[in-house]
Amino acid sequence: MDPTTDNAGITGDPDTARASLEALRAEIAKAVVGQDPAVTGLVVALLCRGHVLLEGVPGVAKTLLVRALASALELDTKRVQFTPDLMPSDVTGSLVYDTRSAEFSFQPGPVFTNLLLADEINRTPPKTQSSLLEAMEERQVTVDGTPRLLPDPFLVAATQNPVEYEGTYPLPEAQLDRFLLKLTIPLPSRQDEIDVLTRHAEGFNPRDLRAAGVRPVAGPADVEAARAAVAKTTISPEITAYVVDICRATRESPSLTLGVSPRGATALLATSRAWAWLTGRDYVIPDDVKALALPTLRHRVQLRPEAEMEGVTADSVINAILAHVPVPR
C-alpha cells in the first residue's frame, strides 16, 4: 500500500490535502452563495484545532454553511439548537439508570462528534453556554468525575445573532476567548441575493445537500496531513515580534478597556501560519498576519462605552493598529 494513503483510500499527502481543502470552496458554493471568507475561516480553524463563532442576522445561511462544510469534509456532525430552557446535560450527556442491570451508564450528548453546530448559542443562559468550555479547551467532557475524550478532529461552529436582538445573552469573555475566530456573515450583495433566489426558484432545497450536488472532497486523513504540514511552516523572529507588537498595541489603545491577551497573540500566530500554508507557502509573511488579524482578534477586545457611543468598532480599532504598527521588512 502507498504510505501516503490510509485504509479508507483517502490520501494523506500534504500537497493533495491542500488541493482537497481548496476544493471545499467550490463544493460549498453549490449550496451557499458568496461566503468564501467564512469558508476559509472554518478551514483555518480546523487546521489549528480551534473553534469558530459565526455572527450575523437571521437568514444569512450561517447554519447552511456549517452543514455544507460537514458534508464536503465527510465528518460526523451534530446540531444543537440553543434555547433558554436547554440544560448542560442536553449538550454533554448524562448518566442514565438502567433498570435491567441496576447500574448507571453514560449516555453521550451531541458534543461527541467531529463538527458540532451550536445554533444561536447566545440564546441560552450562561450556565448552559459554559457547558461547552471544557469540551472546547480540553477536548473532553467530565461527568460524575470521569473524563471522556472527544473524537478528533473536533470543532465547535457556534452561530449567534447580534447582541442587539431580543432574547440574547452576551457570551462571557472567558468563553469568547475559547473561540479561535469570530467570523461576521454579512448580508449578500444584490447579485448574490438574485443568485440565491434563482436557485430556490429552480428547486434548490437547503435541507437536501446531496440533491444540490455537495459531495465529500476531503476527509480526516487530509486534515491530519494538512495539520502536520502547517506545523512545519516557518515563522521568523521578525514575524513573531510583529504579532506581539500588534497585540500589545491593543492593550494601549484609548478606545479599549480590554486588549488582546497572550493567548490571543498565540492564536494570531497559529491562524497566520495556517493561512500561509493554504496559500501555498511554507513560511509566514506580514500579509498573512494582516489577513487573519480581524477574525482572530475582534472578539478578544472590549470597547470603552464612550468609544462605542461614538461609533467606534473593534474592527476599526484593529485596522488602525495594523496601519500604525511598523511592518517588518
Side-chain angles (χ1 to χ4, degrees), residues 37 40-41 44-45 47-55 121-122 126 129-130 132-134 136-138 156 158 160 162-164 168-184 230 233-276 283-329:
T40 300
V44 166
L47 296 182
C48 297
R49 293 181 169 85
H51 309 287
V52 177
L53 184 62
L54 300 167
E55 183 177 276
I121 190 173
N122 61 337
Q129 291 176 6
S130 66
L132 280 175
L133 286 178
E134 182 188 15
M136 293 170 70
E137 186 67 18
E138 307 296 336
V156 174
Q160 73 169 8
V163 293
E164 295 83 6
T168 60
Y169 299 83
L171 296 178
E173 287 81 2
Q175 186 165 351
L176 281 172
D177 206 35
R178 296 302 195 281
F179 286 100
L180 182 73
L181 300 172
K182 179 182 177 182
L183 306 174
T184 55
V230 168
T233 302
T234 304
I235 304 172
S236 70
E238 291 79 12
I239 293 295
T240 302
Y242 182 51
V243 169
V244 168
D245 289 344
I246 291 171
C247 294
R248 289 180 69 85
T250 65
R251 302 168 205 163
E252 299 167 0
S253 171
S255 299
L256 302 176
T257 60
L258 178 69
V260 176
S261 68
R263 178 190 289 173
T266 302
L268 181 54
L269 200 65
T271 56
S272 303
R273 203 179 202 181
W275 175 244
Y283 57 92
V284 180
I285 62 175
D287 283 348
D288 299 325
V289 178
K290 290 181 178 180
L292 273 297
L294 284 180
T296 308
L297 303 181
R298 59 164 57 110
H299 57 298
R300 303 176 192 271
V301 300
Q302 194 171 80
L303 289 167
R304 292 187 182 277
E306 56 269 27
E308 199 165 4
M309 290 177 62
E310 293 172 1
V312 176
T313 64
D315 284 12
S316 66
V317 173
I318 295 170
N319 278 327
I321 288 172
L322 291 174
H324 176 73
V325 173
V327 179
R329 299 295 180 185

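Between the His51 side chain and the Phe179 main chain, no donor and acceptor come within less than 3.5 Å of each other. In this structure, Ser253 contributes its side chain and Ala249 its backbone to no donor-acceptor pair below 3.5 Å. Here the side chain of Arg251 pairs no donor or acceptor atom with the backbone of Gly259 at under 3.5 angstrom. Panel note: side chain Arg304, backbone Ser255; no donor-acceptor pair is recorded below 3.5 Å. Between the Arg300 side chain and the Thr296 main chain, a donor and an acceptor come within less than 3.5 Å of each other.
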Quiz item: Would Ile285 and Asp288 count as a side chain to side chain contact (heavy atoms under 4.5 Å, CB included) if you check the C-alpha gap in whole Å, the side-chain angles of each, and the deciding distance to 0.1 Å?
Solution: CA-CA 6 Å; Ile285 62 175; Asp288 299 325; 3.4 Å; yes
Self-check item: Evaluation steps, side-chain hydrogen bond (donor to acceptor under 3.5 Å, both in side chains), between Thr257 and Gln302
Solution: CA-CA 6 Å; Thr257 60; Gln302 194 171 80; 3.3 Å; yes
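Nearest heavy-atom pair, Gln160 versus Ile121, reported as atom, atom and distance to 0.1 Å: CB-CG2, 4.2 Å. Across all non-hydrogen atoms, the minimal contact from Gln129 to Asn122 is NE2-CA, 3.7 Å. Of all heavy-atom pairs spanning Cys48 and Ala270, the tightest one is SG-O, 3.4 Å. Of all heavy-atom pairs spanning Val260 and Cys247, the tightest one is CG1-SG, 3.7 Å. Closest non-hydrogen pair, Asp177 versus Ser261, comes out as OD2-OG, 4.0 Å.
With rounding to the nearest 0.5 angstrom, the OG1 atom of Thr250 is 8.0 Å from the CG atom of Leu258. Distance check, rounded to the nearest 0.5 Å: CH2 of Trp275 to CG of Leu292 gives 7.5 Å. Taken from CD1 in Ile235 to OG in Ser272, the straight-line distance is 8.0 Å, to the nearest 0.5 Å. Distance CZ/Arg49 to CE/Met136: 16.0 Å, rounded to 0.5 Å. With rounding to the nearest 0.5 Å, the separation of CD in Glu137 from CG in Leu132 is 12.5 Å.
Considering only heavy atoms from C-beta on, Arg263 comes within 4.5 Å of Arg178 through its side chain. You'll find the side chain of Val52 reaches within 4.5 Å of the side chain of Leu183, heavy atoms only.
Partners of Lys290 by salt bridge (Lys or Arg N to Asp or Glu O under 4.0 Å), not counting sequence neighbours: none found. Residues satisfying the ring-ring contact (aromatic ring centres under 6.0 Å, His included) test with His299, not counting sequence neighbours, are none.
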Just list the side-chain donor-acceptor pairs under 3.5 Å for residues 314-329, sequence neighbours left out, or say none.
{"residue": "Asp315", "atom": "OD1", "partner": "Arg298", "partner atom": "NE", "Å": "2.9"}
{"residue": "Asp315", "atom": "OD2", "partner": "Arg298", "partner atom": "NH2", "Å": "3.0"}
{"residue": "Ser316", "atom": "OG", "partner": "Thr313", "partner atom": "N", "Å": "3.0"}
{"residue": "Ser316", "atom": "OG", "partner": "Thr313", "partner atom": "O", "Å": "2.8"}
{"residue": "Ser316", "atom": "OG", "partner": "Thr313", "partner atom": "OG1", "Å": "3.3"}
{"residue": "Asn319", "atom": "ND2", "partner": "Asp315", "partner atom": "O", "Å": "3.2"}

